[in-house]
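So you know, we letter chains A, B, ... as the sequences are listed, proteins then strands, and number each from 1.
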Amino acid sequence: MTIQRPRGTRDFLPEDSFKRGAVRKRMQDLLERWGYLEISTPTFEHLELFTIKSGQSITEEIYAFKDKGGRDLALRPELTAPVMRMYVNELQMAPKPLRLHYFGNCFRYERPQRGRFREFWQLGAELIGSDRPDAEAEVIALAQKLIKSAGVNGDLHLGYLGLIRTMMRMIPASERPAVMKFIDKKERALLAEKLQEIGADHLGLLELIDLKGRRALDRAMEMAEDLSKISEEPSKDAKTESLEAAPSGDSDSGDRAARSDRAAPFDLDLVRFQELVDLLDCYGVKATVDFEIVRGLDYYTGTVFEIYATGLGAQNQICGGGTYQLAGLLGGQKTRSTGFGIGFDRIMEIVALEEKPPSPVAVVFVPQVRSEAVKAAIELRESLPMPVALDVMGRGLGAQLKQASNIGASFAVIIGPKEVEEGKFTLRDMLTGSQESLALKEIIELLDE
RNA sequence: GCUGGGGUAGGGUAGCUGGUCAUCCUUUGGGACUGUGGAUCCCAUGACCCGGGUUCAAAUCCCGGCUCCGGCCCCA
């Protein structure tokens, strides 16, 4: 038995690697044009970085280990936390906004299935230092364009946590996890039952999460207004909490709440959300407003979004992101950022790419003139964009030509004593079989088109 | 963690109601063809996922494990 690759990992053969490289290049070109500079972070980090961000429970799904010095380390399971760690460590004083992008492998200890591996690649961008609708619109539009640039059609859903969080603060804390679970699992009947049971059915939660599309926004505005009235009524424990989360344009509002229970501050400010939706329109991005998107994590501050693709089976989410408050959690100054991560492997599963690697040129020679052939090959490699192949198997001329056609060469440069003497090589068109005698310079000119 | 279906040369397969040297195609290397390729022919290399069990005899039947492809759970 030979040694197998570890479960959930993949080998990428030349054809795969070429395709992945081409798609990656396309996406990164676009990111550069939008002014997002590439950064890289270590493959492993202190385990703590990830538990701070996502809680202790995630260690279950992390490749965590102790190094020889006894340090608790982890292979990165995602890239947002490392990027924000880097920001806090060395970029806090950089002029804002900061536009960054990254591409890297991540590791999670999970059951592999379609579109899910133990080593996978994430491509993403972060815009650090602004949470204005302008910033959010740019980032969301960018995400959508990136996916399009790979030839993939994505369905963008745009959500806003302010409303749902406000509602959640008006129900008893003990009931919140259960309610969130039902929302997440799309268990409408159970949710309705629960809300009735705890006397929270007047908040409109059920209606909110069913709101979809353009008109959802108008209705949500009305609901927000009703909510602010309710929250002004003096009543039980909901009162103090909702005050702390009071709506405000000041991005530092609610920070006390953040410190006490790790939840980021958020704004019940649908006007800004409305602005975002309008701006996205300007970008030509079609978004479905969808208040059901909750994205689990509590460091998101308001806007969240996800992009889905068809043809992927169960794992159809190819992008997720939003506006968040993470720098503070990692010990930096409180800074709001908007960003997203794209599941590169899932993109690759459905990408339609017609690009092919350039076909090589074969230098074919007989033993007596080997050194001339080597020199010719070197010169060709310096001047031509396509690969230049030289026989290393000691094969005869016929076998070399056979090999040339096997590797898909479109031309062969034939070199023998006769050619060396004349100072001209034979250029053979592998498709037609026609040949002509040319100087190396002329060959280069001809092939360099 | 739960669940369905698979694992036979590098790739694709036949055999799998147990019993001759495990089938065929392709790929790879060599040759027929010692300065001209895609054809053909010949030769060579190369496999029963691993470990137990049943049996005179296991690729074939049974059990366990590993792993792959899906579906749940989860998904930062």
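- Closest non-hydrogen pair, A:Y102 versus A:G341, comes out as OH-CA, 4.1 Å.
- Defined by atom type and a distance below 3.5 Å, a donor-acceptor pair is missing between the side-chain atoms of A:Q435 and A:T426.
- Within 4.0 Å (heavy atoms only), A:Q317 reaches no atom of the nucleic acid at all.
- Interface remark: the A:R116 side chain does not form any donor-acceptor pair with the B:G70 base, using a distance-only criterion of under 3.5 Å.
- Residue A:E61 places its side chain closer to B:A76 than to any other of B:C73, B:A76, B:G30.
- A donor-acceptor contact under 3.5 Å is not formed by the side chain of A:E60 with the base of B:G1.
- The base of B:U36 sits with one of its N or O atoms less than 3.5 Å from a complementary donor or acceptor on the side chain of A:Q435.
- In this structure, the nucleotide among B:G35, B:U28, B:C74 sitting nearest to the side chain of A:K181 is B:C74.
- Residue A:G433 is the one, among A:G433 and A:I58, whose nearest nucleotide of RNA chain B lies closer to the 5' end (criterion: closest heavy atom).
- Between B:G29 and A:R395, a contact under 4.0 Å exists linking OP1 or OP2 to a side-chain N or O.
- Looking at heavy-atom distances under 4.0 Å, A:G394 makes no contact with the nucleic acid at all.
- Here the side chain of A:S54 is nearest to one of B:G29, B:G35, B:A76, namely B:A76.
- Atom CD of A:E90 has more than 12 heavy atoms from other residues, nucleotides or ligands within 6.0 Å.
- Contact annotation: A:R7 reaches the phosphate of B:C68 (side-chain N/O to OP1 or OP2, under 4.0 Å).
- You'll find that the side chain of A:R114 is closest to B:G70, out of B:C74, B:C75, B:G70.
- The side chain of A:M430 lies closest to B:G37, out of B:C74, B:G37, B:A76.
- From A:R176, atom CZ reaches atom OG of A:S174 across 8.5 Å, with rounding to the nearest 0.5 Å.
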*asked:* Checking A:R76 against A:F50 for the side-chain contact (heavy atoms from CB on, under 4.5 Å) test, could you report, in this order, the C-alpha distance in whole Å, the side-chain angles of both residues, the deciding distance, and whether it holds?
replied: CA-CA 8 Å; A:R76 58 189 181 196; A:F50 304 110; 3.8 Å; yes

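- Remark: the A:R5 side chain and the B:U67 base include no donor-acceptor N/O pair separated by less than 3.5 Å.
- Within the 4.0 angstrom heavy-atom criterion, no nucleotide atom of any strand lies near A:E306.
- Both A:I414 and A:F50 sit near RNA chain B, but only A:I414 has its closest nucleotide nearer the 5' end.
- Here the nucleotide nearest the side chain of A:R111, chosen from B:C2, B:U36, B:A76, is B:C2.
- Closest approach to the A:L401 side chain among B:C75, B:G37, B:C72 is made by B:G37 (side chain taken as heavy atoms from C-beta onward).
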